[in-house]
Amino acid sequence: MPDTALGARIVKVNHAGENGAVHIYAGQIAVARFTARHMLAELREFKAHEEQHRAIFAAELQRRQRPRCRSYLLCGWGGYVLGCTTALFGQHAIAATTVAVERVVLGHLQQQVQQLANIDENAVHAIAKIIEDEQRHHDNAAHHLQGARWWPAVLTPIVSASTETVIWLSMRL
């Protein structure tokens with residue numbers, strides 16, 4: 001089954017998105033040392049997963065001989081700022097951010113698998129490798145939201161819309 005232009009574009013955007021996720025966790029780790037110390041081990045674990053995901057997509061880009069997405073650095077910088085900013089407000093803001101990002105990402109990944117099924121097996125394989133980790137990040141973060149009153153209501157629409165916008169923009173760069 002041949003690689004497709006759509007598959008290549010999706011792999012490029014997912015690679016940039018994983019770079020953003022690595023930097024969200026890096027920012028959260030930097031600030032959570034002061035605001036949510038008890039979450040550091042989990043945040044480091046999630047960051048390691050995202051680094052593995054980024055490497056999966058980087059390898060697929062290399063195999064296809066494609067450059068990284070033009071939004072790669074923007075995703076990294078934006079992710080770091082988002083991670084630092086939300087971590088300033090502690091556990092519930094960190095968790096609400098992760099839930100919102102992962103909800104959007106999981107929706108896109110599932111849609112990508114359907115779009116690329118039977119037309120780009122390599123892209124589907126790369127995407128399928130990470131879905132389970134992303135779901136676990138979502139579910140673990142949702143557990144931290146127990147007792148949260150307003151962070152999810154405030155952050156979810158902002159973070160979700162920002163994530164959707166970055167994905168939309170990245171697909172067009």
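- Side-chain contact check for His15 and Glu60: no donor-acceptor pair (N or O, by modelled atom type) lies under 3.5 Å.
- With sequence neighbours left out, the salt bridge (Lys or Arg N to Asp or Glu O under 4.0 Å) criterion links Glu50 to no other residue.
- Between atom CG of residue Leu109 and atom CD1 of residue Ile130 there is a gap of 5.0 Å, rounded to the nearest 0.5 Å.
- Between Tyr25 and Thr98 there is a side-chain heavy-atom pair separated by less than 4.5 Å.
- Between Asp139 and His143 the shortest side-chain heavy-atom distance does not fall below 4.5 Å.
- Of the residues listed (Val159, Ile167, Val166), the one engaging Val104 in a side chain to side chain contact (heavy atoms under 4.5 Å, CB included) is Ile167, and it is the only one.
- Screening His137, His138, Arg136, Gln135 for a side chain to side chain donor-acceptor pair (under 3.5 Å) with Glu102, the sole residue that qualifies is His137.
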Please list every donor-acceptor pair under 3.5 Å in which a side-chain atom of residues 68-80 meets a protein atom from a residue at least two apart or in another chain.
from  : atom 1 : to     : atom 2 : distance (Å)
Ser71 : OG     : Ser170 : OG     : 2.6
Tyr72 : OH     : Asn19  : OD1    : 3.3

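- Residues Gln115 and Ile10 form a side-chain contact, since some pair of their non-hydrogen atoms from C-beta on lies under 4.5 Å apart.
- Side chains of His144 and Ile94 form no contact here, defined as non-hydrogen atoms less than 4.5 Å apart.
- Between the side chains of Glu134 and His49, not a single donor N or O lies within less than 3.5 Å of an accepting N or O.
- Counting only residues at least two apart or on different chains, no salt bridge (Lys or Arg N to Asp or Glu O under 4.0 Å) pair has a member in residues 15-41.
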Requested in this report: Check step by step if side-chain hydrogen bond (donor to acceptor under 3.5 Å, both in side chains) holds for Asn14 and Gln112.
Outcome: CA-CA 10 Å; Asn14 288 356; Gln112 291 167 1; 2.8 Å; yes
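- For His38, the NE2 atom is densely surrounded, since the number of other residues' heavy atoms within 6.0 Å is greater than 12.
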